[in-house]
Amino acid sequence: MTNADKFALRKFQRGYRSPSARDGCRNCVHRSAEEIHFDGSPNRWAYECNSGKFFVSFGGICNHFRASNSAQKGDSHVS
């Protein structure tokens with residue numbers, strides 16, 4: 001067994017999920033469909049929580065999270 005295999009097995013045994021595989025605002029039903037650019041810069045963007053009416057980031061999560069049936073994984077800012 002290679003070192004890479006050992007590390008992969010350890011991660012699997014611990015239930016490790018990378019940030020892009022975890023639940024968050026990026027796949028919440030309350031997230032706005034379109035990104036919002038602010039301060040006139042294409043590099044400054046966020047999404048709106050349609051439930052709470054505030055800006056959110058992809059990695060954020062709250063107690064009102066609800067998974068979207070069609071997780072929006074095709075977004076350009078998801079890695």
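Side chains included, hydrogens not; waters and symmetry mates left out as well; all remaining heavy atoms used. Just so it is clear, the structure is predicted and the values come from calculations on it, not from any experiment. Start at 1 with the first residue, then count along the sequence.
The hydrophobic side chain of Phe7 is isolated, with no ILVMFWY side chain under 4.5 Å apart from it. Using a 4.5 Å cut-off between side-chain heavy atoms of Ile, Leu, Val, Met, Phe, Trp and Tyr, Tyr16 forms no hydrophobic cluster with any other residue. Through direct or indirect side-chain contacts shorter than 4.5 Å among Ile, Leu, Val, Met, Phe, Trp and Tyr, Val29 is connected to no other residue.
In this structure, Arg66 places its CZ atom where only 12 or fewer heavy-atom neighbours from other residues, nucleotides or ligands lie under 6.0 Å away. Other residues, nucleotides and ligands contribute over 12 non-hydrogen atoms within 6.0 Å of the CD atom of Gln13.
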Please tabulate, for the side chains in residues 50-58, all donor-acceptor contacts under 3.5 angstrom to protein atoms that are two or more places apart in sequence or on a different chain.
unit_1	atom_1	unit_2	atom_2	d
Asn50	ND2	His30	O	3.3
Lys53	NZ	Asn50	O	3.2

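Applying the side chain to side chain contact (heavy atoms under 4.5 Å, CB included) rule to Asp5 yields the partners Met1, Thr2; only residues at least two apart in sequence or on another chain are considered. Taking the side chain to side chain contact (heavy atoms under 4.5 Å, CB included) definition, one finds that Phe65 meets it with Asp23, Asn27, Cys28, Ile61, Ala67, sequence neighbours left out.
Residue pairs meeting the salt bridge (charged side-chain N to carboxylate O under 4.0 Å, His left out) criterion with at least one member in residues 8-21: none, sequence neighbours excluded.
The CD atom of Glu35 sits 6.5 Å away from atom CH2 of Trp45, with the distance rounded to the nearest 0.5 Å.
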